[in-house]
Undergrad: 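First the structure, which I've put down as structure tokens, then a few questions once you've had a look.
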Amino acid sequence: MTDLQHPHPALPHGGRGAHGRRSRPYVGSGSFLSCCPFFLITLCAALPAGAEPTTITLWHAYRGGEQQAIEESIRRINGARADFQIVPVAVPNAAYASKLTSALPRGNGPDLFVFAHERIGGWAESGLLMRLETRIDEAELDRFFPETVEPLRFDGSLFGLPMSFKSDVLFYNTSLVEHPPDTTDELIEVASRLTDREAERFGLVYEVASFYHHAAWLHGFGGGVFGSDGSVDLETPENAASFAFVRDLVARYRVSPEDANGALVTEMFNAGRAAMAINGPWFLGEIGDDVPFAVAVLPVVSETGLRGRPFLTSEAVLVNAGTRHPELALEAALALTSDDSALVRALEGRQAVANRAVWSDPRLAGDPVLAVFRAQLPETVPMSNRPEMRSVWEPAQMALRRLLRGAATPEQALTSAQHHFRILTRPSPPEADPTPYWVALALLAAAGIALLWRRARASGVVHQIRGSLHAYAYLAPTALALVGLVFAPFVVATGVSLFAHRSGEWTFVGLRNFFWILSARDFGVTEPMSFYFTLGVTVVWTAVNVALHVSIGVFLAMLMRDLWAPVRGVYRVLLIIPWAVPNYITALIWRGMFHSQFGAINDLLELLGLPEVAWFSGFWTALAANICTNTWLGFPFMMVVTLGALQAIPRELEEAAAVDGAGRLARFRHVTLPLLKPALLPAVVLGSVWTFNMFNIVYLVSGGEPDGASEILISEAYRWAFTRQEQYGYASAYGVLVFISLLIYSRMVRTVTGEGKA
Amino acid sequence: MATVELRNIRKSYGAVDVVKGIDLEVADGELVILVGPSGCGKSTVLRMIAGLEDVTSGELLIDGTVVNRMSPRDRDVAMVFQSYALYPHMTVRRNMAFALEVRKAPRAEIEERVAGAARMLGLEALLDRYPKQLSGGQRQRVAMGRAIVRRPKVFLFDEPLSNLDAALRAQMRVELARLHRKLGTTVVYVTHDQVEAMTLADRIALLEGGVVQQFGTPDELFHRPRNRFVAAFIGSPSMNFLEGELVRDGDHVAVRGEGFLLRTHPDRLGGSAGPGRPVLVGVRPHDLRVVTADEAASFETTVDVVELMGWEALLYLAFGDRTLVVHSDAAPVSGLEPGRPVRLAVAPEQVHLFDAETERSLAAPVETPSPPGGGPGRG
């Protein structure tokens, strides 16, 4: 899912490492494998010291060349040491961060792990990382570039040893660009020459809407994320100037496509339709063998004279504070970052290693690509490792997207970003006293049990149950499964909704979460991201979808009914296929089709002479795109239900109606439809509940664009839980509210149709 | 009120011919019954008149207009289906009003007509019930009410009584007759029950194998059947058949077969009836008399089974290798025991003669170019 907005890239593109291979299918089960060494360690610890070398586990997310390189360097280290042996574990990088976050606090994690520096702040605050400055000699740090060591410091302590560094550089196609531009004016000039929009060739292609890649310009214009007092301050004139520059790249000079994702950048560069690109070392592994390219340091911003400075990521080895072998783990870490190991990684893994001495090795000197990364290093700004940084991504990216689709000026975009940031980092609600809740719960439970008991006694249910005990025994496994898989999580989630979760801390806050959500505390009621707005969107989404599903499904079923049988069979299969294809695949395909510049839908509109539509830039168009996709997915179900129900309607009734004088439409309205209702009604209820909670389509197609306006309740809850620093309590409260809404809805349906006629 | 005309109507489903050339004329206000065994094509003909099936070839006229291409709703016919086809989700009132509502008739008129039909059929108390709350007979009447309300040109009935029990059927037959007399609308009625046909129809079209075997008044079909099939189908119990040949008997022509010699009547002979011609003799059970003395042209049979049914009796008699059925009053035959010899006689004019090969009646065929009396039939 490379085109998802990744608001806080540990490594952009999910940390593929320098060679950036795409995630392979699940390689090894991290938790299972991590258990084995754990048992080994306990075993080893039980043995008398010195008898066997201690196993030190190292987690990493490397692939391909980098993986081979680190395994080779570990082999050499292990060969030379008798006191410990490093065991590397490759973890799939999509799950890496969350695996660490869940394993480290419980002492289940590795002794060492390789990670980008950006999460250090959060982990250090949670006490998960070992402080190193007291245990090692400062002289040990001399061998590293200081730029790679600084990001590993937090709160006065050092938390890791640098292994390699990554940043954006300028990639260019040497057959198109002779001499890489050194200033932005040159960049624009070169790019303009090489842009031919008709042929879909662009001078500069990069993920313009990604805040990570925007960093070069942000810093080049003298701006930055943090203000002079150390707090996040996005609303500066320098930042606005950088935003204006990017907007001009897209809208004025028109040398960059306005909405490119990673896959598009790769595709265009490899097809020779992108003269230049801004990307990091992972891009190297994606460039086709037949594309002649070179890299260069990013240009100087002509307006300010400052060089464009991208974010620096320092990939380091970090030590788990809960490791059982602190001294040996540290020794292992030092060995991994020794100059010898670094050389192996540089030569075999083509990493831009943090060790200075390695760079003078003649074998490395001949690599022009690595040399550029080395040259870019002094012109980088390390991503802040403070926990607030993680909350900057979502607002900043939203601001960029609004800017690029012309919905805001640079100043407006940054102001809203700051506002958004403030809300995401607001402190949790004050702790509440759980006593009244316990009392209420106890009373409810007692009342419930008493009521049930009385009813059971009165209706003789107990006697009945005793009489058919074995029947209940047969039902028990299913009931247990239901309890375990449905009821228990539900109860737990309801419990969680009474807490607030911040950086690993749980605070009991009672009903505050609900109060905050329902009182639209953070956002105006009519603003996106307010519960009521999202509820409204969800209701509209559900209603329109179900209406379309039913009408299209019924219409097609009526058409198919009169077809010749073999033809009907063929069509039935064809029309089921949308339903049968896994819906996330469908969603991604449709998303691609709705792309404003390269999508098939706009191509079709162009062909028909109609104006192109920027689908995800407007609320109604984004909603329409989502609805279109979901309808394509949903109508087969209704069609099949209707086909079945139609079989049960005797032909004679319609013949009688025909003779009585009813035309096609009247027959349908007065005879067929009323008789379809008993079958359609449960289908409609089911369909509306499913659509209400249709996370996949909303998340994957529009992704909540624009600015979260097309989110529905369930995708909003997801974001609170998984993209906004694990605010599980708040998200659970959303979930409970969704449940309550659906409960009310199904009650309403029952009342309305309960007294319905035949 | 209208006439219905079928001119050489054919219906095929692919290679299968179901209706093979039918010519019928229904006069204005007449009640014509299409009767025949299952599969004879009568329902198909009815559905073609309604417009629910296409006519493969031939012309169908209603009230003088060719309606082959007309949709059912424009033909102004009302149909009562065998299963009544009542709309289950509508009340009786709405069922009856539906056709008028669809044609956007004014409310007042709808209510008036529905009330009128309900009164005629005794449905007033049931107007607000749903079909599933009605008995079979009640549903049948609602179906008729639905048709009556429309005041169409033609009523089409598709075996409306076959889903009712015997007693109800008899009762409804009478009601139908009364209705027809009252309304005077042209009716085309399909049934497989010849008793219904005989009692209700002004004229009967007896179909078999997709062809009209005979089209005439019940009287004609009963007394002057055109062929063996008609003779066997009409009348219950069915006619007795014997093989024989025509012979000279003095100045008369008689028919001789194994064990019998019967006199014939000139009416039954037709023109070219020469001696030596092999024939099929048909005698109705009712026309066979038990005779005590040795009458001329009587023959001997042996009693097999005696069924006494109160005033009447059915006698099953063995004759050669066949069984003859006699329908008589109970008194003369009550004492007969199985095995007893019994002599039977029949009046010459009641001896039906059919050509042994073609099975056609030897008597001159009765043509009915126009209906008898030219008006609504007997009540």
Side-chain angles (χ1 to χ4, degrees), chain A residues 550 554 557-559 561-569 638 641-685 749-758, chain B residues 14 43 46-53 70-91 94-105 128-133 139 142-159 163:
Chain A
V550 172
V554 170
M558 293 292 292
L559 279 183
R561 189 172 59 148
D562 295 321
L563 285 179
W564 184 42
V567 177
R568 181 166 63 226
M638 293 297 171
V641 168
T642 310
L643 266 178
L646 283 175
Q647 313 277 30
I649 301 179
R651 280 308 203 121
E652 270 195 349
L653 284 181
E654 293 186 48
E655 286 177 350
V659 174
D660 271 350
R664 268 254 186 88
L665 211 61
R667 285 210 293 276
F668 178 75
R669 225 181 96 203
H670 294 288
V671 179
T672 319
L673 197 57
L675 294 173
L676 280 178
K677 275 211 192 114
L680 276 182
L681 210 58
V684 165
V685 172
V749 168
R750 263 220 267 155
T751 336
V752 164
T753 63
E755 283 110 77
K757 309 167 189 174
Chain B
S43 287
L46 195 74
R47 287 169 66 86
M48 283 197 277
I49 300 176
L52 297 171
E53 302 276 359
M70 230 188 254
S71 71
R73 57 195 298 241
D74 297 322
R75 297 190 188 196
D76 201 15
V77 298
M79 186 150 167
V80 177
F81 292 81
Q82 185 174 354
S83 63
Y84 319 134
L86 298 181
Y87 308 119
H89 57 287
M90 297 187 194
T91 57
R94 184 118 195 270
N95 260 284
M96 299 214 287
F98 181 69
L100 297 173
E101 277 176 13
V102 160
R103 289 174 207 271
K104 313 260 197 300
D128 291 308
R129 293 218 199 148
Y130 286 92
K132 67 180 178 198
Q133 297 165 311
R139 285 186 211 172
V142 174
M144 294 212 294
R146 196 165 64 170
I148 289 172
V149 155
R150 291 200 32 214
R151 298 194 195 153
K153 291 197 185 124
V154 184
F155 279 128
L156 303 174
F157 288 96
D158 190 355
E159 308 214 34
N163 287 2

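On a predicted model such as this, the values are computed, not experimentally measured, just so you know. Letters go in sequence order (proteins before strands), and every chain restarts at 1.
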Undergrad: With a 4.5 angstrom heavy-atom cut-off, which part of S71(B) approaches chain A: side chain, backbone, both or neither?
TA: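 Neither part.
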
Undergrad: Identify the heavy atoms of R73(B) and G661(A) that sit nearest to each other, and give their distance.
TA: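 Taking every non-hydrogen atom into account, NE-O, 2.9 Å.
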
Undergrad: Against chain B, work out which of K677(A), H670(A), E654(A) has the most heavy-atom pairs shorter than 4.5 Å and name it.
TA: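 Greatest number of close heavy-atom pairs with chain B: H670(A).
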
Undergrad: Tell me, side chain or backbone of Y87(B) under 4.5 Å from chain A's heavy atoms, or both, or neither?
TA: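 Looking at Y87(B), backbone and side chain both touch chain A.
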
Undergrad: Measuring from E655(A):CD to D158(B):CG, what's the distance to the nearest 0.5 Å?
TA: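 Result: 9.5 Å between the selected atoms.
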
Undergrad: Tell me, side chain or backbone of L86(B) under 4.5 Å from chain A's heavy atoms, or both, or neither?
TA: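 Backbone only.
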
Undergrad: If I compare all heavy atoms of L675(A) with all of H89(B), which pair ends up nearest, and what's the gap?
TA: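 So the two residues come closest at CD2-ND1, 3.8 Å.
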
Undergrad: Rounded at 0.5 Å granularity, tell me how far CG in D660(A) sits from CZ in R103(B).
TA: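 Atom-to-atom, D660(A):CG and R103(B):CZ are 7.5 Å apart.
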
Undergrad: Are more than 12 heavy atoms from other residues, nucleotides or ligands located less than 6.0 Å from atom CZ of R561(A)?
TA: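 Yes, CZ of R561(A) has more than 12 neighbouring heavy atoms, counting only those of other groups under 6.0 Å.
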
Undergrad: Chain A: which of A143(B), G51(B), A50(B), S83(B) shares the most heavy-atom pairs with it under 4.5 Å?
TA: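 The answer is S83(B).
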
Undergrad: Check R150(B) against V659(A) and note the closest heavy-atom contact, atom names and distance.
TA: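 Heavy atoms only, the tightest pair is NH1-O, 3.0 Å.
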
Undergrad: To check you understand the geometry: which heavy-atom pair defines the closest contact between P72(B) and A658(A), and what is its length?
TA: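 Heavy atoms only, the tightest pair is CB-O, 3.9 Å.
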
Undergrad: Relative to chain A, which segment of R75(B) carries a heavy atom at a distance below 4.5 Å: side chain, backbone, both, or neither?
TA: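 The answer is neither part of R75(B).
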
